Amino acid sequence: MSSAEFTSDEMMTVGAARSLHDGVACFVGIGLPSTAANLARRTHAPNLVLIYESGTLGAKPDRLPLSIGDGVLADTADSVIGVPEIFNYWLQPGRIDTGFLGGAQVDRFGNINTTVIGGDYANPKVRLPGAGGAPEIAASCREVLIVMRMSPRSFVEKLDFVTSVGYGTGKGDREKLGLRGRGPVKVITDLGVLEPDPETCELTLTQLSPGATVEQAREAVGWPLKVVDEPTVLQAPTETELTVLRELKATIGGAK
Amino acid sequence: MSSAEFTSDEMMTVGAARSLHDGVACFVGIGLPSTAANLARRTHAPNLVLIYESGTLGAKPDRLPLSIGDGVLADTADSVIGVPEIFNYWLQPGRIDTGFLGGAQVDRFGNINTTVIGGDYANPKVRLPGAGGAPEIAASCREVLIVMRMSPRSFVEKLDFVTSVGYGTGKGDREKLGLRGRGPVKVITDLGVLEPDPETCELTLTQLSPGATVEQAREAVGWPLKVVDEPTVLQAPTETELTVLRELKATIGGAK
Amino acid sequence: MARILQLDEAIAELVHDGDTVALEGFTHLIPVAAGHEIIRQRRRDLTLVRMTPDIVYDQLIGAGCARKLIFSWGGNPGVGSLHRFRDAIQNSWPVPLEIEEHSHAGMANRYAAGASGLPFAVLRGYAGTDLPAQTDTIKMIECPFTGERLAAVPAINPDVGIIHAQQADRAGNVQMWGITGVQKETVLASKRSLVTVEEIVDELTPRPGAVVLPQWVVTAVAEAPGGAAPSYAQGYYERDNAYYQQWDPIGRDREKFENWLATEVLSTERSAR
Amino acid sequence: MARILQLDEAIAELVHDGDTVALEGFTHLIPVAAGHEIIRQRRRDLTLVRMTPDIVYDQLIGAGCARKLIFSWGGNPGVGSLHRFRDAIQNSWPVPLEIEEHSHAGMANRYAAGASGLPFAVLRGYAGTDLPAQTDTIKMIECPFTGERLAAVPAINPDVGIIHAQQADRAGNVQMWGITGVQKETVLASKRSLVTVEEIVDELTPRPGAVVLPQWVVTAVAEAPGGAAPSYAQGYYERDNAYYQQWDPIGRDREKFENWLATEVLSTERSAR
């Protein structure tokens with residue numbers, strides 16, 4: 001165990017990596033989810049199956065891919081398939097265990113916005129990239145992990161646009177909507193981890209990052225944040241985790 | 001030109017082969033259609049594109065395939081694809097020029113039965129193999145060639161079961177049913193060729209095989225056969241056609 | 001991760017009386033050894049599914065394993081009819097056989113819908129034919145954008161999907177090449193799946209046109225060299241055409257068939273691998 | 001048979017003002033050279049379609065070629081926003097841009113329906129999201145067998161589909177490998193198609209994972225070496241990451257963009273091949 005210094009982003013990435021169990025199939029988005037998944041595959045989860053929406057099943061990249069369609073994914077995959085097939089045969093039936101999502105905004109029920117902020121849809125203040133694979137990842141993966149830095153601008157009382165559904169307006173909504181997966185089981189942030197309350201599905205602070213406080217978390221969330229009685233403190237990144245993570249990050253330079 | 005002896009089956013095969021224009025894409029069934037298509041590719045239509053429902057696009061077999069899934073088709077194809085794709089992406093949109101069909105029964109509007117004969121559906125006198133790819137080949141190919149030996153048992157007043165649609169009950173039916181292709185443009189038989197009447201779509205004898213008579217044809221058809229004023233006589237198989245056809249047939253022995 | 005089992009273990013564990021079972025193969029890679037093992041284990045009341053039931057289905061039906069057949073083309077390819085199949089339909093011998101009949105396009109789409117986790121598929125099919133009148137698994141549906149009417153067919157999701165492939169690795173990743181038919185969809189649509197393979201290898205070498213099924217979507221792999229004969233396995237052996245011819249007189253005659261069954265299947269044992 | 005044309009000839013002949021045009025590529029094999037030729041030929045009022053509009057679509061939009069964009073994710077991957085796209089949506093500069101927005105699953109299925117000759121596709125999608133309220137190309141449909149409600153989306157059938165591949169042979173048969181995205185569907189769904197290729201070869205060698213488009217479904221092939229840069233072409237060249245970074249300040253600023261457009265596209269000529 002190490003007391004090495006680490007950033008809150010590193011803690012967040014390590015926390016996300018630890019949430020991936022060995023042997024599961026994981027639908028990976030680019031950025032932090034991909035870093036976390038590759039970290040997990042190099043540490044506790046060597047048999048993690050990485051699936052990218054570009055159509056690579058079982059990619060085993062020897063460096064961090066720079067995009068969801070990086071050539072290293074195709075080169076190392078068990079199989080490369082077309083994009084319609086990845087969504088129809090692999091994601092849609094619910095055969096992928098874990099989906100990773102980020103977003104510009106999340107609300108207390110784990111719904112996500114990656115479409116527009118401010119104004120209205122036709123005349124937004126900020127036009128975001130849009131849905132991509134997220135709505136169906138959120139609907140169909142057996143469980144979803146959300147990874148986002150906490151701030152009142154991103155953890156909001158009300159989304160400007162619902163791009164992807166977490167628990168809708170609360171417990172039971174997923175079933176009513178016919179969504180197959182369980183929904184978001186964790187929101188992993190720089191300050192700690194939120195989990196849906198078993199009764200209400202409202203996101204509740206259950207774990208704190210080392211050094212972070214409940215007060216900090218409350219201030220970083222735009223709704224009255226529920227907190228469990230005694231939030232546990234996340235284990236700091238181990239030396240191995242940090243070393244592997246930093247090595248991974250260093251591979252980006254030489255990537256295509 | 002040759003006056004070599006030939007069988008009526010050879011005439012039928014050569015007639016079918018001649019109906020395939022160079023460069024067209026042809027959906028080939030096993031048996032006589034496959035023989036005819038391979039004959040055409042070796043004679044006047046070297047650029048004929050052979051498509052088999054097993055998923056082989058552009059097969060160039062060096063011998064007669066023994067089944068629609070013969071390995072020689074995969075070995076020589078431009079591309080081998082799955083069976084759902086061959087039907088959905090290739091047949092259904094109407095991008096295949098010519099489809100070949102045979103059957104146990106055909107009626108005067110070119111509808112075909114390959115399902116049951118006699119009795120009723122639940123207790124047939126003869127259970128035939130069933131539909132296979134035929135209904136959608138009949139519906140979606142730009143044009144269809146039917147190849148069958150003439151006899152009153154097979155050229156019937158009323159089908160025991162409509163497996164594949166030609167012109168339904170007459171002109172305009174294909175449009176009403178939403179079928180995209182033109183329908184059967186020729187029925188090639190041992191005694192001659194029937195073509196749909198431009199006004200009524202009723203199959204009409206337009207050509208006779210060398211040596212065959214209108215009277216023979218009428219006797220071989222279970223409905224009052226219409227005949228054009230002056231049926232032309234099919235050109236006998238040329239020496240080249242016969243030689244190539246017989247060479248092709250001889251390849252079957254060594255096939256898998 | 002797929003488990004590597006012996007064929008008899010795999011059938012014993014995965015295939016139960018009353019199951020819906022698809023043994024798929026399109027001329028190539030037909031899972032014949034698995035079919036014979038089902039006969040040997042005397043499964044009953046199966047709903048058998050296959051686009052192109054041929055000899056091995058004739059054998060399963062003749063052995064009394066099936067109560068229903070869902071199919072689109074049934075025959076002894078290049079030879080003629082399936083006489084056990086006809087005897088079952090026409091004379092209920094040895095047991096009655098219900099049929100549910102489609103076209104290839106319909107069946108392929110039913111598997112694709114099953115693999116896609118959808119309850120149904122849409123196609124341009126069946127219009128004007130007598131097929132829809134004979135089955136309640138063909139309905140019409142209207143395009144919500146154009147109003148056009150199309151055919152709809154329900155997904156097929158077999159209890160067990162069985163296919164034969166050339167190779168698997170020791171983790172149970174499967175690779176097949178050549179004509180691969182509807183086999184990927186069969187495995188993906190099925191609740192449980194068994195892949196028999198020509199051989200288990202240390203590593204799968206990528207090949208042009210290969211279809212790979214990762215181990216995490218395959219329930220079990222069993223080594224069964226020659227397991228597709230009399231059909232062929234590209235790269236391993238060719239089609240045994242004589243077998244198809246020779247089947248005809250056996251299939252035509254109940255007594256000959258029962259002799260065949262007793263000597264060629266029931267009293268034999270698949271060599272343990 | 002596909003015709004082998006020069007890129008400028010092909011664009012002149014195949015792409016007309018007002019057309020619906022899909023230039024597809026999923027990170028890999030993006031048909032950038034073809035996009036630049038469309039800008040150079042000053043096409044207007046195009047409806048552009050692409051799952052993942054990135055830099056070349058930002059450029060087409062900034063150059064005023066498009067009146068509408070149909071898409072599911074628009075961004076400069078790994079860098080940030082598309083500023084020409086945002087300027088067009090938010091400020092109608094240089095011309096107003098209408099959008100029709102879907103998810104990837106929806107777009108992929110729209111292409112697949114287009115390739116299949118169906119008017120629509122069915123998927124599990126959009127439920128509970130705000131997307132259906134913003135577009136009339138998402139509707140609900142009921143399964144005729146189970147009564148379940150699912151999403152329906154209309155087929156996409158572009159006037160012109162444009163993709164980039166590694167190779168074509170002299171007859172116009174096309175082969176691409178690596179990540180091939182939705183490019184096959186794009187060509188099959190389109191009324192006309194253009195494939196730019198890294199090189200035209202005497203013979204296509206079968207490769208693992210390759211997608212082959214036979215010449216009879218391709219309208220034209222144009223040799224355009226480097227035609228996917230700054231994206232990559234597996235086996236030919238790598239992604240130019242710096243270009244993606246460098247695009248950000250250019251795209252952010254109208255003046256810089258117009259300079260870029262004048263010097264890098266409009267005043268240049270694609271070398272004749």
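Numbers restart at 1 for each chain; the letters A, B, ... are given by sequence-line order, proteins then strands. Worth saying up front: this structure is predicted, and the values here are computed from it rather than measured.
The most heavy-atom pairs under 4.5 Å with chain C, out of Ala122(B), Pro124(B), Gly31(B), Gly82(B), come from Pro124(B). Among the candidates Pro77(C), Gly75(C), Gly181(C), the residue making the largest number of heavy-atom pairs closer than 4.5 Å to chain B is Gly181(C). The residue among Leu91(B), Asn88(B), Ile137(B) with the most heavy atom pairs within less than 4.5 Å of chain C is Asn88(B). Considering only heavy-atom pairs separated by less than 4.5 Å from chain B, the leading option among Val211(C), Asn76(C), Asp240(C), Asn109(C) is Asn109(C). Taking Gly130(B), Pro84(B), Pro135(B) one by one and counting their heavy-atom pairs under 4.5 Å with chain C, the maximum is reached by Pro84(B). Residue with the most contacts toward chain C among Gly132(B), Ala131(B), Gly69(B): Gly132(B) (heavy-atom pairs, distance under 4.5 Å). With chain B as partner, the option from Ala127(C), Ala105(C), Gly128(C), Ala108(C) having the largest number of non-hydrogen pairs under 4.5 angstrom is Ala105(C).
The shortest distance between side-chain heavy atoms of Val165(B) and Thr129(C) falls below 4.5 Å. Within the 4.5 Å cutoff, the side chain of Ser81(C) has no heavy atoms near those of the Arg127(B) side chain. Side-chain contact check for Phe26(C) versus Ile68(B): some heavy-atom pair is nearer than 4.5 Å. No side-chain heavy atom of Gln90(C) sits under 4.5 Å from any side-chain heavy atom of Asn123(B). Using a 4.5 Å cut-off on side-chain heavy atoms (C-beta onward), Arg86(C) and Val126(B) make contact.
With a 4.5 angstrom heavy-atom cutoff, Arg174(B) does not touch chain C via any of its atoms. Looking at Leu82(C), there are no atoms closer than 4.5 Å to chain B (heavy atoms on both sides), in backbone or side chain. If you measure heavy-atom distances from Tyr244(C) to chain B, you find no contacts under 4.5 Å at all. For Glu85(B), no part sits under 4.5 Å from any heavy atom of chain C, backbone or side chain. Only the side chain of Glu136(B) has a heavy atom closer than 4.5 Å to any heavy atom of chain C. With a 4.5 Å cut-off on non-hydrogen atoms, Thr56(B) touches chain C through its side chain but not through its backbone. For Met51(C), the part lying under 4.5 angstrom from a heavy atom of chain B is the side chain only. Using a 4.5 Å cut-off between heavy atoms, Lys125(B) contacts chain C through its backbone alone, with no side-chain atom that close. When heavy atoms are compared at a cutoff of 4.5 Å, Leu179(B) approaches chain C solely by way of its side chain, counted from C-beta outward. The contact between Phe71(C) and chain B is made entirely by side chain atoms (from C-beta outward), counting heavy-atom distances below 4.5 Å.
Nearest approach of Gln234(C) to Ala74(B), heavy atoms of both residues: OE1-CB, 4.0 Å. In terms of heavy atoms, Asp70(B) sits closest to Thr27(C) at N-CG2, 4.3 Å. Minimum heavy-atom separation, Gly133(B) to His104(C): N-CD2, 3.4 Å. Taking every heavy atom of both residues into account, Asn241(C) and Leu66(B) meet most closely at ND2-CD1, 3.0 Å. The shortest heavy-atom contact between Arg124(C) and Gly178(B) is NH1-O, 4.5 Å.
Annotation: ring-ring contact (aromatic ring centres under 6.0 Å, His included) contacts involving residues 120-149 of chain B, sequence neighbours excluded, comprise Tyr121(B)-Phe161(B).
Within residues 134-158 of chain C, the residues approaching chain B closer than 4.5 Å by heavy atoms are, in numerical order, Gln134(C).
Atom CG of Leu177(B) is separated from atom OH of Tyr126(C) by 15.5 Å, given to the nearest 0.5 angstrom. Once rounded to the nearest 0.5 Å, the distance linking CD1 of Ile179(C) with CG of Asp75(B) reads 9.0 Å.
Arg142(B) CZ: more than 12 foreign heavy atoms inside a 6.0 Å radius.
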